[in-house]
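Reviewing the structure listed below.
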Amino acid sequence: MKELLESIYKRRSVRTYSKEKLSSEEYAAAEEYLHQLKPLIPELQVEFQIVPCSETNCKFNAEYCLLVYSTEGNLWLTNVGYMLEQWDLKLASMGIGVCWYGMGKVEEERQCDLVYAIMLSFGKCDPELFRNGDYDFNRKSASDFWTGASDLRIAEIARLAPSAVNSQPWRVEQVDNKFNVYRKKGGVPLLSAQLYKRWNKVDMGIFLCFVDVALESEGYTFSRTLGTDSDEGKRALVATYTITRQSA
Ligand SMILES: Cc1cc2nc3c(=O)[nH]c(=O)nc-3n(C[C@H](O)[C@H](O)[C@H](O)COP(=O)(O)O)c2cc1C
């Protein structure tokens, strides 16, 4: 995953697309990469459908939308976030604009064992829209969400992760070489609480993707155990990482 590091400083939610269409090579490469995404939970089945954006309720002028379906299970939306963030980053590296679209709706929520998870718009865009370094982000500072960090570079990379309405629901507590990643709940208007509950589970997968890219690119090896996406309590323990070795 460390090959995705550069894209972390480049990606941005692209909501304005150009009229130009993807070349057949670009389309094929974007589709092909869907089959290379690393899952967080291999037991979950995840399927994709690419449709013209105009056939969805997405309000952007993108050429396409990617519809994501998955089997349900503990952390299934987090798995979707983890996988599709790799795709978001890869497409940014190819100069293709992407935006997660939580407001997306489909007519058929269920397709056999699979349930609709989320959609992402994508298409050609002005290259100027992409970021050009780590200064153009509106994010919490690392110390606001990561306590006890032994290597601030990991937190500095992970803090750049995108999230629904930029809510940044992640909290990390580290002691020595072990850290817990939590999803913080609440703090949002009651009416949208249901939506946040869903989106923030996707956000956590996006965050874990950024953490993994950061750890790998900083030369760490690690093991990770997964927790829960339970809605009980004020926070959910999503993952525990143990950094096992730092390569020279
Ligand atoms: C799960 C998820 C759902 C999102 N849904 C929408 C959406 O429905 N509409 C929209 O304009 N942006 C949406 N976004 C984009 C976020 O607003 C954006 O990622 C965040 O503000 C950070 O900005 P950046 O992606 O440009 O770094 C979504 C992002 C995520 C991760």
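Starting from 1, each residue takes its place in the sequence as its number. One-based numbering, in listed order, for ligands and for the atoms of each.
Taking the six-membered ring for Trp and the full ring otherwise, F60 and Y101 have centroids separated by under 6.0 Å.
Remark: among candidates G205, S121, S163, the nearest residue to atom 20 (C) of ligand 1 is S163, based on non-hydrogen atoms. Of the listed residues (G102, S167, A161), the one carrying the non-hydrogen atom nearest atom 7 (C) of ligand 1 is G102. Among F207, F60, W100, the residue whose heavy atom sits closest to atom 14 (N) of ligand 1 is W100.
Less than 4.0 angstrom separates some heavy atom of N166 from each of these atoms of ligand 1: 20 (C), 21 (O), 22 (C). In the vicinity of V165, heavy-atom distances shorter than 4.0 Å reach the ligand 1 atoms 17 (O). Set against the non-hydrogen atoms of I206, the atoms of ligand 1 under 4.0 Å away are 31 (C). Atoms of ligand 1 lying under 4.0 Å from any heavy atom of S13, numbered from 1 in the order shown and given with element: 15 (C), 18 (C), 19 (O), 24 (P), 25 (O), 26 (O). Under a 4.0 Å criterion applied to the non-hydrogen atoms of I118, ligand 1 contributes the atoms 1 (C).
For ligand 1, none of its N or O atoms has an N or O atom of P162 under 3.5 Å away. In terms of polar-atom proximity, defined here as any N/O pair under 3.5 Å, W199 makes no such contact with ligand 1. For the pair R12 and ligand 1, the shortest N or O to N or O distance does not fall below 3.5 Å.
Once rounded to the nearest 0.5 Å, the distance linking CG of N180 with CG of L237 reads 5.0 Å.
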* Candidate pair Y64 and V51, rule side-chain contact (heavy atoms from CB on, under 4.5 Å), full reasoning -> CA-CA 6 Å; Y64 297 108; V51 297; over 6 Å; no

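Under 4.0 Å from ligand 1, the heavy atoms of R131 that appear belong solely to its side chain.
Looking only at atom types and distance, the side chain of D151 has a donor-acceptor partner in the side chain of Y220 under 3.5 Å away.
Remark: D229 does not engage R183 in a salt bridge, criterion side-chain N to carboxylate O under 4.0 Å. Ionic pairing of R12 and D136 is present here: one or more N-O contacts between side-chain nitrogen and carboxylate oxygen are shorter than 4.0 angstrom.
A cation-pi contact, defined as under 6.0 Å to the ring centre and within 45° of the axis, links R131 to F137.
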